[in-house]
*Asks:* 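I'd like to ask some things about the structure below.
It should be emphasised that the depicted structure is a prediction, and the values quoted were computed from it without experimental measurement. Chain letters run A, B, ... following the sequence lines, proteins first, then strands; residues in each count from 1.
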There are 2 protein chains.
Amino acid sequence: MAVTIYDVARVAKVGIGTVSRAINNSPQIRPETKKIVLHAIKELGYTPHAIAQGLARKKTGILAAIMPFYTGHFYHELLRGIMKTLSKYEYDLILYYVDRLEVKNNFLNRTLQERRCDGVLTFSMEISDEYAEKFSKSKVPLLIVDRAHDKIDCIQVKNEEGAFAATKHLIELGHKNIAMISGHKESAPSRERYRGYERAMQESGLTVTPDLFISADALDNPDLLQQNDGFNEHVGESAMKRLLQMDRKGITAIFAGSDILAIGAMKAIREAGLSIPKDYSIIGFDDIELASYLSLTTMQQPMYEIGCMAVERIMEKFEDKESPVRQVQLSPTLVERQTTAPL
Amino acid sequence: MAVTIYDVARVAKVGIGTVSRAINNSPQIRPETKKIVLHAIKELGYTPHAIAQGLARKKTGILAAIMPFYTGHFYHELLRGIMKTLSKYEYDLILYYVDRLEVKNNFLNRTLQERRCDGVLTFSMEISDEYAEKFSKSKVPLLIVDRAHDKIDCIQVKNEEGAFAATKHLIELGHKNIAMISGHKESAPSRERYRGYERAMQESGLTVTPDLFISADALDNPDLLQQNDGFNEHVGESAMKRLLQMDRKGITAIFAGSDILAIGAMKAIREAGLSIPKDYSIIGFDDIELASYLSLTTMQQPMYEIGCMAVERIMEKFEDKESPVRQVQLSPTLVERQTTAPL
DNA sequence: CTGAAAGCGCTAACAG
DNA sequence: CTGTTAGCGCTTTCAG
């Protein structure tokens with residue numbers, strides 16, 4: 001059996017309470033005694049048993065992250081920020097991977113009830129009022145990233161503002177017939193980004209006719225919706241093909257609701273023998289890794305930073321459970337590359 | 001306070017042992033009694049406390065993964081496989097993120113000593129004999145992915161074989177002057193891939209002269225080595241530039257030790273106004289996500305599958321601690337795309 | 001300051 | 001089959 005606090009106590013000729021004080025930097029211990037204990041600890045190669053500490057302290061030292069994992073880079077960057085920041089604290093991260101949204105609630109229950117962790121971060125997932133309520137009542141802080149709920153702390157990007165800026169960029173380049181390609185129309189980011197697009201158009205006196213907007217669900221192919229709420233390459237490609245077919249309005253620019261959508265659209269454009277940005281200007285949203293390699297102009301979301309902030313914030317909540325709900329919104333920034341050009 | 005096993009016992013009018021048997025599917029309980037207990041559990045909304053169970057059972061239900069995290073897609077795919085497989089078991093994953101190799105040992109100690117997890121997976125990291133020894137002696141199974149150690153279980157790809165196949169492919173296309181670009185020469189994958197390259201050349205009666213091989217450390221720029229052992233885009237670009245400069249041998253093809261190296265090299269080639277595969281054929285290794293978007297011919301490593309296998313294997317070790325060391329080697333497969341062409 | 005003792009919530013061996 | 005009891009390894013009063 002591994003060495004326990006009792007072994008240390010015996011060797012140091014003190015009580016286990018004293019050993020505990022020594023390892024926990026308690027002020028209630030005489031420096032000399034502490035030295036003796038520390039020496040015994042080193043001699044025996046003792047390390048406290050994390051689980052046992054957890055039970056006694058009623059805290060686990062674990063943070064849970066529940067992530068949908070289909071879109072690589074976005075979550076990878078988030079994770080990098082999270083891990084980096086977490087390493088400053090003595091905290092471990094348990095990762096829950098959601099591939100079908102239905103399993104999300106299992107994890108919420110798991111984290112909530114089984115007390116495996118001290119707090120949870122969710123990403124890009126709607127939280128029902130029911131769970132929002134449950135978490136508020138419990139002592140497990142919850143922080144929502146990339147979505148919102150008015151009763152819960154969240155961090156997200158200003159989708160509408162970003163979409164507005166993207167569309168504006170196209171307009172300033174001289175484009176007038178600007179189409180938008182989107183994931184599932186009913187998803188939160190879709191709705192918000194659509195609003196930004198619409199507002200930019202209207203403010204410039206441009207009208208958004210229905211045939212200028214194609215969302216994943218309008219494609220009459222349920223399969224396309226499966227992956228990531230319709231924010232996937234296939235949707236981008238199909239939507240663009242349709243735009244290409246029925247374009248009688250002289251569309252010259254596309255605002256894609258995400259980079260991956262934009263990339264699908266680019267593929268369709270090139271396969272049609274057209275070129276970018278000569279025939280079509282196109283702008284994405286997210287700034288995933290691929291975007292820079294494919295020289296896609298896009299709205300950058302500060303993913304790494306969001307990951308850092310999420311951790312900092314939840315650590316704050318660990319300190320002060322009663323800290324009032326805080327909703328943080330960050331602005332995306334335009335990254336101009338080669339897929340947009342003056343008309 | 002949350003509801004405990006005692007509350008359930010009281011309500012069900014049984015002892016806590018019986019409650020425990022009910023939740024743990026023990027055969028030693030009468031079906032009717034079990035029904036009563038289960039009913040009380042539902043009524044009270046009881047869920048066992050994972051930490052307390054862990055302490056009593058001497059197992060945590062947690063698997064630790066220690067990963068270097070700089071190269072997105074590779075680890076993302078691995079993680080997908082791991083998470084997918086793990087979800088079949090009642091296991092959670094703690095992720096440790098290594099950005100500097102020096103911190104690796106901290107995590108090894110942490111997992112080894114603090115008993116936060118039942119087993120650990122390491123990725124792309126050399127394990128010293130010292131730690132190999134420590135783990136073998138301990139009851140914490142360790143599984144090494146993407147590296148090898150003869151005393152420890154590991155899963156990796158046949159680097160030499162893959163490099164051989166890659167080089168052979170180039171040779172079959174008619175190329176004779178084939179250069180290789182590599183990460184740090186001393187790293188295990190570099191050495192193994194170099195051997196495959198060399199063997200393919202020799203078997204075809206081609207000679208490998210020193211100026212045909214450029215590794216990250218030969219670039220006289222320590223900064224380039226920092227990231228991922230020299231397997232990064234900058235090294236690919238710099239190495240290719242050098243090749244372009246001093247090429248008096250009529251090199252027509254490049255075998256890059258990794259996709260990201262290949263991508264850097266492609267950039268250098270294009271910036272020199274040359275084209276691929278017209279002027280240079282180039283093949284990578286890994287098949288990261290970018291490779292398909294950039295149409296890079298490469299050797300594919302089955303990352304997702306490796307992740308699955310790693311979990312399956314470590315679960316086996318949980319069952320049978322004495323299971324003898326097993327070393328698994330998988331073959332990479334050639335994925336032909338647009339960057340290689342007949343001479 | 002320090003030792004003893006009482007939990008933390010659960011599992012498992014032991015009687016019955 | 002079931003209740004009781006002794007831990008699992010540590011933290012935290014509570015006396016002294």
Side-chain angles (χ1 to χ4, degrees), chain A residues 1-38 40-41 44-62 90 110 112-118 139-140, chain B residues 1-38 40-41 44-62 90 110 112-118 139-140:
Chain A
M1 214 52 251
V3 19
T4 74
I5 200 170
Y6 285 92
D7 301 316
V8 177
R10 192 162 18 79
V11 171
K13 299 188 204 312
V14 296
I16 59 164
T18 303
V19 178
S20 178
R21 278 170 214 127
I23 46 188
N24 292 299
N25 279 101
S26 161
Q28 311 211 53
I29 185 174
R30 197 152 42 99
E32 299 113 81
T33 325
K34 183 165 180 176
K35 196 169 290 180
I36 297 174
V37 174
L38 260 22
I41 288 180
L44 296 173
Y46 165 77
T47 328
H49 186 141
I51 302 292
Q53 280 184 317
L55 185 59
R57 285 188 186 144
K58 296 177 171 308
K59 81 189 231 8
T60 60
I62 290 177
E90 272 284 285
R110 186 168 188 142
L112 189 56
Q113 311 230 4
E114 302 184 17
R115 281 141 296 179
R116 291 169 184 278
C117 60
D118 301 336
K139 64 235 97 255
V140 185
Chain B
M1 213 55 250
V3 20
T4 75
I5 201 170
Y6 285 93
D7 301 316
V8 177
R10 192 162 17 80
V11 170
K13 299 190 205 310
V14 297
I16 60 163
T18 303
V19 179
S20 178
R21 283 185 276 265
I23 48 188
N24 292 298
N25 279 100
S26 160
Q28 311 210 54
I29 185 174
R30 195 151 44 98
E32 298 114 79
T33 326
K34 184 165 180 175
K35 196 170 287 179
I36 297 173
V37 175
L38 259 22
I41 288 179
L44 295 173
Y46 166 77
T47 327
H49 186 141
I51 302 292
Q53 280 184 316
L55 186 58
R57 284 189 187 142
K58 295 173 171 309
K59 80 188 234 358
T60 60
I62 291 178
E90 272 284 284
R110 186 168 188 142
L112 189 57
Q113 312 231 4
E114 301 184 17
R115 281 142 297 178
R116 291 168 183 278
C117 59
D118 301 336
K139 65 237 95 250
V140 184

*Asks:* Using only side-chain N and O atoms of Lys58(B), determine if any of them is under 4.0 Å from OP1 or OP2 of dG9(D).
*Replies:*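 Checking dG9(D) against Lys58(B), a side-chain N or O does come within under 4.0 Å of OP1 or OP2.
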*Asks:* Among all residues two or more places apart in sequence or in another chain, which pass the side chain to side chain donor-acceptor pair (under 3.5 Å) test with Gln113(B)?
*Replies:*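 If we apply the side chain to side chain donor-acceptor pair (under 3.5 Å) test to Gln113(B), skipping adjacent residues, the hits are Thr47(A).
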*Asks:* Answer with base, sugar-phosphate or nothing: what part of the nucleic acid does Val14(A) contact at a heavy-atom distance below 4.0 Å?
*Replies:*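 Here Val14(A) touches the backbone only, sparing every base.
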*Asks:* Can you measure Ile5(B) atom CD1 to dT4(D) atom C1' for me and round it to whole angstrom units?
*Replies:*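 Spelled out: CD1 on Ile5(B) to C1' on dT4(D) is 13 Å.
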*Asks:* Rounded to the Å, how far apart are Asp7(A) CG and dC8(D) C1'?
*Replies:*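 Distance, rounded to whole Å: 14 Å.
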*Asks:* Could you state the CZ-C1' distance from Arg10(B) to dG3(D), rounded to the nearest angstrom?
*Replies:*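 From Arg10(B) CZ to dG3(D) C1': 16 Å.
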*Asks:* Taking all atoms of both residues into account, what is the closest heavy-atom pair of Ala9(A) and Gly15(A), and its distance?
*Replies:*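 Of all heavy-atom pairs spanning Ala9(A) and Gly15(A), the closest is CB-C, 3.9 Å.
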*Asks:* Enter the inter-axis angle for the ends of the helix from dC1(C)-dG16(D) to dG16(C)-dC1(D) (five pairs per end, rounded to 10°).
*Replies:*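 The value is 40°.
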*Asks:* Taking everything shown except Glu32(A) itself, do over 12 heavy atoms lie less than 6.0 Å from its CD?
*Replies:*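 Yes, enclosed.
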*Asks:* When the distance from CD1 of Ile51(A) to P of dG7(D) is rounded to whole Å, what number comes out?
*Replies:*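 Answer to the nearest Å: 21 Å.
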*Asks:* What residues form a side chain to side chain donor-acceptor pair (under 3.5 Å) with Ser26(B), not counting sequence neighbours?
*Replies:*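 Expected list: none.
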*Asks:* Within the sub-3.5 Å range, which N or O atoms of nucleotides 12-16 of chain D have a protein N or O partner, and how far apart are they?
*Replies:*
| unit_1 | atom_1 | unit_2 | atom_2 | d |
| --- | --- | --- | --- | --- |
| dT13(D) | O4 | Arg21(A) | NH2 | 3.2 |

*Asks:* Locate the shortest heavy-atom distance separating Thr4(B) from Tyr46(B); write the atom from each residue and the value.
*Replies:*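 So the two residues come closest at C-CE1, 3.5 Å.
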*Asks:* When all nucleic acid strands are considered with a 4.0 Å heavy-atom cut-off, which category describes Leu55(A): base, sugar-phosphate, or nothing?
*Replies:*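 It contacts base atoms.
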*Asks:* From Arg115(B) CZ over to Gln53(A) CD, what is the distance, rounded to the nearest 0.5 angstrom?
*Replies:*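 These two atoms lie 10.0 Å from each other.
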*Asks:* Measure the distance from CG on Asn25(B) to P on dT11(C) and round it to the nearest whole Å.
*Replies:*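 Computing the Asn25(B):CG to dT11(C):P distance gives 12 Å.
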*Asks:* Nearest whole Å is fine: how far is dT2(C) P from Lys35(A) NZ?
*Replies:*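 Interatomic distance, NZ of Lys35(A) to P of dT2(C): 14 Å.
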*Asks:* For Asp7(A), give me all partners under salt bridge (charged side-chain N to carboxylate O under 4.0 Å, His left out), at least two apart in sequence or on another chain.
*Replies:*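 Only Arg10(A) meet the salt bridge (charged side-chain N to carboxylate O under 4.0 Å, His left out) criterion with Asp7(A).
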*Asks:* Measure from NE2 on His49(A) to C1' on dC10(C) and round the result to the nearest Å.
*Replies:*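 These atoms are roughly 13 Å apart.
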*Asks:* Between side-chain atoms of residues 17-24 of chain B and protein atoms elsewhere (two or more places apart, or another chain), which donor-acceptor pairs fall under 3.5 Å?
*Replies:*
| unit_1 | atom_1 | unit_2 | atom_2 | d |
| --- | --- | --- | --- | --- |
| Ser20(B) | OG | Asn24(B) | ND2 | 3.3 |
| Asn24(B) | OD1 | Arg57(B) | NH2 | 2.7 |
| Asn24(B) | ND2 | Ser20(B) | O | 2.8 |

*Asks:* Roughly how far, to the nearest 0.5 Å, is the OG1 atom of Thr33(A) from the NZ atom of Lys13(A)?
*Replies:*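 It is 14.5 Å, given to the nearest 0.5 Å.
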*Asks:* Taking OP1 and OP2 of dC8(D), is either one under 4.0 Å from a side-chain nitrogen or oxygen of Tyr6(A)?
*Replies:*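 No.
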*Asks:* Could you tell me the separation between the CD atom of Gln113(B) and the P atom of dG9(D), rounded to a whole number of Å?
*Replies:*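 To the nearest whole Å, that distance equals 15 Å.
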